[in-house]
Amino acid sequence: MKYSKLTPDEAAALIQNGETVGISGLTPAGAVKVVPGAIARKAEAEHAAGREFKIALFTGGSNTQEVDGALSNAHALISRTPFQSNPDMRGHINVPDLHYYDQHLSVVTQNMRYGHLPKIKTAIVEVCGVTDDGELTFTTGANNAAGFCMLADRIILELNTYHSPKIREIHDIYLPQDYTKRKAIEIFHPWDRIGTKTLKVDPKKIVGVVETHLPDGVKPFKPGNETTDRIGRNIVSFLEHEYQIGRIPKDFPPLQSGIGNVANAVLAAMGESHVLPPFSMYTEVAQDTVFQLLKSGRCTFLSSTTITFTEPFMTEFMENFDHYKDRILLRPTEITNNPEVIRRMGVISMNTALELDIFGHVNSSHLFGSKMVNGIGGACDFARAASLTIFSCPSVAKEGTISAIVPMVTHVDQPEHDVDVIATEQGVADLRGLDPRQRAEAIIENCAHPDYRPLLHRYVEMTPAGHIPHNLEHCFDFHRAYQKTGDMHNAAELLQ
């Protein structure tokens with residue numbers, strides 16, 4: 001190998017104050033492992049010496065403690081985008097002592113190409129193979145790595161020998177052309193291959209290679225419970241009905257699913273259905289549940305940007321790689337989340353929410369309108385373009401003191417116009433073709449917890465006129481009651 005071998009600290013020494021850096025990874029899959037920690041140590045040393053040191057950080061989405069946690073705790077970040085899910089970073093965002101701007105995952109590298117976002121100076125990406133002429137093999141995630149490499153002035157590679165180079169067989173690397181020259185993205189089925197197994201870059205851009213031998217370290221999600229299982233069964237029962245009456249085609253469109261316990265419960269219920277046929281997936285993240293569906297044959301093909309499998313499942317996957325390699329493709333996020341492809345294939349989209357209001361607006365990112373939790377991720381990319389868009393969450397939280405169904409969400413990520421169906425453990429509300437008052441009735445009666453239904457009905461009754469029963473004086477009474485008393489039930493005293 002003709003490239004300079006670097007230690008993590010030597011790689012970090014190349015990064016300068018104020019630099020814009022693109023780091024691979026969406027979830028731990030494909031995430032760099034050791035250079036970010038060295039950058040954090042450099043920041044701490046520079047700060048101790050009285051010198052300024054911060055970088056602007058772009059990633060593929062949520063990343064690891066070794067990236068988001070280490071850099072935010074070292075006060076090494078000017079800004080960060082897009083989606084994140086790290087508790088330490090969340091704390092710094094909400095102080096705030098770093099600039100966090102949320103955006104749809106599908107447009108990050110596109111906006112960089114067109115100059116809407118700062119140009120990347122350095123891309124730091126994980127690979128499991130690199131040739132002397134600049135051919136890169138990515139690991140368990142494609143995410144934004146290819147786009148970062150093409151846009152950056154220079155590239156630092158983490159060559160992770162833990163992952164076998166044969167993983168290139170499941171990559172399909174393709175980046176769209178610029179506007180006015182762009183061709184159609186010719187994906188008609190999740191299994192259509194349109195790109196290359198590796199990415200070719202100018203080898204002169206590769207300024208060094210840091211060698212590692214580390215697993216992704218994916219942590220399992222907490223087991224589901226009765227509530228998440230009921231949400232899963234409710235959604236699958238709805239899909240079974242739609243399938244049986246013909247509103248879902250017999251060959252069944254691909255599925256997209258978010259991440260987390262509720263998403264896993266929905267997929268598990270899909271696996272148990274005796275009505276729905278085997279299905280394919282066109283999604284952005286695949287967890288252990290998806291591997292189990294591939295293993296059982298319920299999922300026939302997976303197109304994703306990452307495979308976020310825990311270590312036992314990753315080991316099983318690699319030991320049986322020849323069996324699975326023709327059933328998985330990993331693509332850049334700009335392709336997995338591309339609305340053109342999503343709409344063409346009629347993807348059924350299923351994502352989770354923090355709270356929903358009685359008109360169908362979805363808040364998936366902020367608590368009480370101000371406190372960032374994670375961000376929007378790719379949900380909006382799919383919500384508007386999907387043939388059927390479902391959002392779900394438990395009807396209550398914090399032992400019933402919080403209702404997830406409220407008169408008006410305090411922050412809107414997905415507007416009512418992009419939401420077809422809402423599901424909780426209480427039931428399902430089909431919002432298609434309903435006006436705002438009909439939506440409110442369907443959501444309250446089918447999705448709200450029984451303890452909160454009288455309060456929600458009272459709110460609607462307080463606004464007899466208008467197309468939308470929206471009361472500016474009382475729309476946030478649920479939230480005000482919780483902030484004052486710690487229990488949304490006490491909104492009864494305000495809804496007078």
Side-chain angles (χ1 to χ4, degrees), residues 21-33 35-36 57-69 71 80-86 89-90 100 102-112 117 120 123-128 136 138-149 151 158 160 163 167 170-175 199 215-219 221 256-260 263 281-288 290-291 302-310 314 328-338 351-352 364-365 373-382:
V21 178
I23 287 181
S24 67
L26 169 57
T27 72
V32 292
K33 307 293 192 288
V35 175
L57 180 64
F58 290 84
T59 72
S62 60
N63 221 293
T64 62
Q65 179 66 22
E66 289 75 19
V67 177
D68 285 342
L71 291 170
R80 165 72 161 81
T81 195
F83 184 78
Q84 58 77 43
S85 61
N86 181 268
M89 175 165 280
R90 183 182 306 139
Y100 175 71
D102 205 7
Q103 59 184 318
H104 307 303
L105 296 188
S106 66
V107 300
V108 175
T109 52
Q110 172 178 287
N111 285 343
M112 287 180 178
L117 294 174
I120 287 180
I124 308 173
V125 299
E126 182 179 77
V127 298
C128 55
L136 308 181
F138 297 120
T139 60
T140 49
N143 52 84
N144 287 331
F148 290 163
C149 286
L151 291 165
E158 282 198 10
N160 189 351
H163 294 295
I167 207 167
I170 65 172
H171 278 279
D172 186 36
I173 307 301
Y174 176 89
L175 295 174
L199 178 72
D216 288 336
V218 177
K219 296 179 180 178
F221 281 92
Q256 177 265 333
S257 176
I259 60 175
M281 294 191 69
Y282 191 84
T283 191
E284 66 184 25
V285 176
Q287 303 173 144
D288 285 359
V290 177
F291 180 78
L302 167 68
S303 172
S304 182
T305 195
T306 72
I307 43 174
T308 307
F309 300 156
T310 55
M314 181 57 69
I328 297 177
L329 284 179
L330 299 183
R331 315 179 194 268
T333 309
E334 193 171 347
I335 303 302
T336 62
N337 291 40
N338 193 286
N351 287 287
T352 56
S364 58
S365 62
V373 180
N374 294 331
I376 55 175
C380 299
D381 293 326
F382 286 90

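- Listed by chain and residue number, F309, F313, Y324 satisfy the ring-ring contact (aromatic ring centres under 6.0 Å, His included) test with F291 (two or more places apart in sequence, or in another chain).
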**Report entry** Residues M281, S304; criterion side chain to side chain contact (heavy atoms under 4.5 Å, CB included); working and verdict
**Finding:** CA-CA 8 Å; M281 294 191 69; S304 182; over 6 Å; no
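- In this structure, R80 and T59 have side chains that are in contact, with non-hydrogen atoms separated by less than 4.5 Å.
- A side chain to side chain contact (heavy atoms under 4.5 Å, CB included) with L105 is found for exactly one of N144, N143, D381, I376, namely D381.
- Considering only residues two or more places apart in sequence or on other chains, E66 meets the side chain to side chain contact (heavy atoms under 4.5 Å, CB included) condition with T64.
- Contact annotation: the side chain of N374 never approaches that of S62 to less than 4.5 Å [non-hydrogen atoms, C-beta and beyond].
- For the atom pair CG of N63 and CZ of F83, the computed distance is 11.5 Å after rounding to the nearest 0.5 Å.
- In summary, the side chains of N86 and D68 do not present any donor paired with an acceptor at a separation below 3.5 Å, with no hydrogens or angles considered.
- A donor-acceptor contact shorter than 3.5 Å links the side chain of E158 to the backbone of V35.
- Rounding to the nearest 0.5 Å gives a distance of 10.5 Å between OG of S303 and CD1 of I328.
- For S85, the side chain to side chain donor-acceptor pair (under 3.5 Å) test picks out no residue, with sequence neighbours left out.
- Taking T308 as the reference, T27, P28, A29, V218, V285, T306 meet the side chain to side chain contact (heavy atoms under 4.5 Å, CB included) condition, with sequence neighbours excluded.
- With respect to the salt-bridge test (charged N to carboxylate O, under 4.0 angstrom), the residues K33 and E126 qualify.
- Looking at heavy atoms from C-beta onward, L117 lies in side-chain contact with Q103 at the 4.5 angstrom threshold.
- Taken to the nearest 0.5 Å, the CD1 atom of I259 stands 8.0 Å off from the OG1 atom of T352.
- With sequence neighbours excluded, the residues forming a side chain to side chain contact (heavy atoms under 4.5 Å, CB included) with C128 are T137, T139, H163, I167, listed by chain and number.
- Closest approach of A145 to S24, counting heavy atoms only: CB-CB, 4.0 Å.
- Distance CZ/F58 to CD1/I23: 12.0 Å, rounded to 0.5 Å.
- Applying the side chain to side chain contact (heavy atoms under 4.5 Å, CB included) rule to D172 yields the partners R193, I194, L329, R331; only residues at least two apart in sequence or on another chain are considered.
- For the pairing with E284, the side chain to side chain donor-acceptor pair (under 3.5 Å) check across N337, T336, T305 returns one residue only, N337.
- Taking CD of Q65 as the reference point, atom CE of M89 lies at 9.5 Å (rounded to 0.5 Å).
- The two atoms that bring F138 and V125 nearest to each other are CE2-CG2, 4.5 Å, heavy atoms only.
- The minimum heavy-atom distance between A123 and F148, with the atom names listed, is CB-O, 3.7 Å.
- The shortest distance between side-chain heavy atoms of L199 and C149 falls below 4.5 Å.
- Of the inter-residue distances, the one linking D102 atom CG with S364 atom OG reads 8.0 Å to the nearest 0.5 angstrom.
- Shown are T140, L302, L330; of these, the side chain to side chain contact (heavy atoms under 4.5 Å, CB included) with I170 is made only by L330.
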